[in-house]
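Some notes on the structure that comes next.
Below, each value reflects all heavy atoms present in this structure, side chains not excepted, and no hydrogens, waters or symmetry copies. Lettering follows sequence order; numbering is per chain, from 1.
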Protein chains: 2
Amino acid sequence: MTIKEVCEKYNITADTLRYYERVGVIPPVTRTAGGIRDYRDQDIDWVENAICFRDAGMPVEMLIEYVKLFQEGDTTIDARANLLKEARETILEARKKYDIALEKLDYKIGRYEIAQKTGILSWDDCDDSGAKRKKHQ
Amino acid sequence: MTIKEVCEKYNITADTLRYYERVGVIPPVTRTAGGIRDYRDQDIDWVENAICFRDAGMPVEMLIEYVKLFQEGDTTIDARANLLKEARETILEARKKYDIALEKLDYKIGRYEIAQKTGILSWDDCDDSGAKRKKHQ
DNA sequence: CCTTGACCTGGAGTCAACTCCAAGTTGTAG
DNA sequence: CTACAACTTGGAGTTGACTCCAGGTCAAGG
């Protein structure tokens, strides 16, 4: 698979793919005799994983660390497992924040909808604060 | 509440709080006669919201837009409601990616744990690719 | 063989979101 | 009234993650 095809498959730029390889977010990609990247199944899996974990907010630095350990071989199994567990916690934490934001958003959107339907607006309906505080007064 | 107290409450730096105010992520904060920030309940609510939505990956740009609309008054109710709904979709999309990453991670961690328990390691157990492809061969 | 378009590399540039700094002001304790 | 810590501003610097570019190479069509 050419770099272009991988770009289209994952909707990502060639520059980003080359960058990932250059800094070690993915291991070196298979090349043709002429030195042109020829993404094979395994290369594509690394790309897919990289994109997946980047999309979940994992820093490039951590992906590099994982690839580095992977390339060092079987002696790094424990370290890799720990890295993944740490990543799991990080992502769970982050997702919790998304849930909190969604809750807040749903509450606000609800208030806006009431305001829109009734045509009645007040600080309490559309402010970022009043309503909530009023409740436990 | 002083800037320091707000920093401690939300575990954020004073520079970030001033930056948020400067660029309009939050409206101007109440000041003392001498010009020192005195965060009142409403100011704190804006801070809390800003942090919450930033934590959910909302760009500063969008928070600025919301505050701008809010300051323009009741005529922007619809625009604000739309902004919030758009934000909701964005956050839902992002959270989906977190779920996918978590699924992938759990699968990998599971494989690593088996490898660690049995002491048997193979490409299939610890690689980022082989196992998955093997399944549907 | 020659052109033309996709690909290559190393390095510089950009962007969002802070983060740091210098030079000056405020406010409290002694 | 004087230290001195905590605050202020405007502006410059940093960081992470790309993104762009110049100058050169590869490969398929004519």
Side-chain angles (χ1 to χ4, degrees), chain A residues 1-40 43-44 46-47 49-68 87 90-91 94 97 101, chain B residues 1-40 43-44 46-47 49-68 87 90-91 94 97 101:
Chain A
M1 227 180 186
T2 68
I3 197 166
K4 191 171 207 196
E5 288 166 329
V6 179
C7 290
E8 276 155 16
K9 186 163 152 81
Y10 293 108
N11 197 37
I12 192 178
T13 72
D15 272 319
T16 300
L17 279 173
R18 290 194 207 101
Y19 163 73
Y20 280 176
E21 186 177 352
R22 181 160 33 155
V23 301
V25 162
I26 58 173
V29 170
T30 313
R31 304 294 182 114
T32 65
I36 289 182
R37 287 177 183 80
D38 172 28
Y39 290 81
R40 307 283 292 274
D43 300 314
I44 289 169
W46 279 105
V47 168
N49 280 316
I51 293 169
C52 175
F53 292 126
R54 284 291 303 119
D55 281 349
M58 295 312 303
V60 157
E61 198 51 52
M62 179 172 269
L63 303 184
I64 292 170
E65 176 69 9
Y66 182 80
V67 169
K68 212 195 84 215
T90 308
I91 294 178
K97 301 221 172 133
Chain B
M1 230 183 185
T2 68
I3 198 166
K4 191 169 207 201
E5 288 167 329
V6 178
C7 290
E8 275 155 16
K9 185 163 154 83
Y10 293 107
N11 197 36
I12 192 179
T13 72
D15 272 319
T16 300
L17 279 173
R18 289 193 207 101
Y19 163 73
Y20 280 175
E21 187 177 351
R22 181 161 32 157
V23 301
V25 162
I26 58 173
V29 170
T30 312
R31 304 296 182 112
T32 66
I36 289 182
R37 287 176 185 80
D38 172 28
Y39 290 83
R40 306 282 292 274
D43 301 313
I44 290 169
W46 279 106
V47 168
N49 280 316
I51 293 169
C52 175
F53 293 126
R54 283 292 303 120
D55 281 349
M58 295 314 301
V60 157
E61 198 53 51
M62 179 173 269
L63 303 185
I64 292 170
E65 176 70 8
Y66 182 80
V67 169
K68 211 195 82 213
T90 309
I91 294 177
K97 302 224 171 129

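Residues satisfying the side chain to side chain contact (heavy atoms under 4.5 Å, CB included) test with A:A56, not counting sequence neighbours, are A:I91, B:Y98, B:A101. In this structure, the side chain to side chain contact (heavy atoms under 4.5 Å, CB included) partners of A:T2, at least two apart in sequence or on a different chain, are A:K4, A:E5. Here A:Y19 pairs with A:V23, A:V60 under the side chain to side chain contact (heavy atoms under 4.5 Å, CB included) rule; sequence neighbours left out. Listed by chain and number, the residues in a side chain to side chain contact (heavy atoms under 4.5 Å, CB included) with B:I36 are B:T32 (sequence neighbours excluded). Listed by chain and number, the residues in a salt bridge (Lys or Arg N to Asp or Glu O under 4.0 Å) with B:K9 amount to none (sequence neighbours excluded). The salt bridge (Lys or Arg N to Asp or Glu O under 4.0 Å) test applied to A:E8 returns no partner, not counting sequence neighbours.
Residues from residues 3-11 of chain A placing a heavy atom under 4.0 Å of any atom in DNA chain C, listed by number, are A:I3, A:K4. Scanning residues 16-31 of chain B for heavy-atom distances under 4.0 Å to DNA chain C yields B:T16, B:Y19, B:Y20, B:R22.
Closest-nucleotide positions on DNA chain D for A:T13 and A:T32 were compared, and the one nearer the 5' end corresponds to A:T13. Nearest-nucleotide mapping onto DNA chain C: of B:M58 and B:D15, the residue sitting toward the 5' end is B:M58. The residue among B:V60 and B:A33 whose nearest nucleotide of DNA chain C is located toward the 5' end is B:V60.
For residues 12-21 of chain B, the salt bridge (Lys or Arg N to Asp or Glu O under 4.0 Å) pairs, not counting sequence neighbours, are B:D15-B:R18, B:E21-B:R31, B:E21-B:R37. Listed by first then second residue, pairs satisfying salt bridge (Lys or Arg N to Asp or Glu O under 4.0 Å) with a partner in residues 53-64 of chain B read A:K97-B:D55, not counting sequence neighbours.
Residue A:A50 comes nearest to A:I26 through the heavy atom pair CB-CG2, 4.0 Å, listed as atom of the first residue, atom of the second, then distance. Nearest heavy-atom pair, A:V67 versus A:G24, reported as atom, atom and distance to 0.1 Å: CB-O, 3.4 Å.
Between the side chain of B:D43 and the main chain of B:R40, a donor-acceptor pair closer than 3.5 Å is present.
Side-chain contact check for B:L17 versus B:C7: some heavy-atom pair is nearer than 4.5 Å.
No hydrogens or angles considered: nothing links the side chains of B:T30 and B:D38 as a donor-acceptor pair under 3.5 Å.
With a heavy-atom cut-off of 4.0 Å to chain A, the contacted part of DNA chain D has its first and last nucleotide at D:dA17 to D:dA27. First and last contacting nucleotides of DNA chain C toward chain A (any atom under 4.0 angstrom from a heavy atom, 5' to 3' order): C:dC7 to C:dG11.
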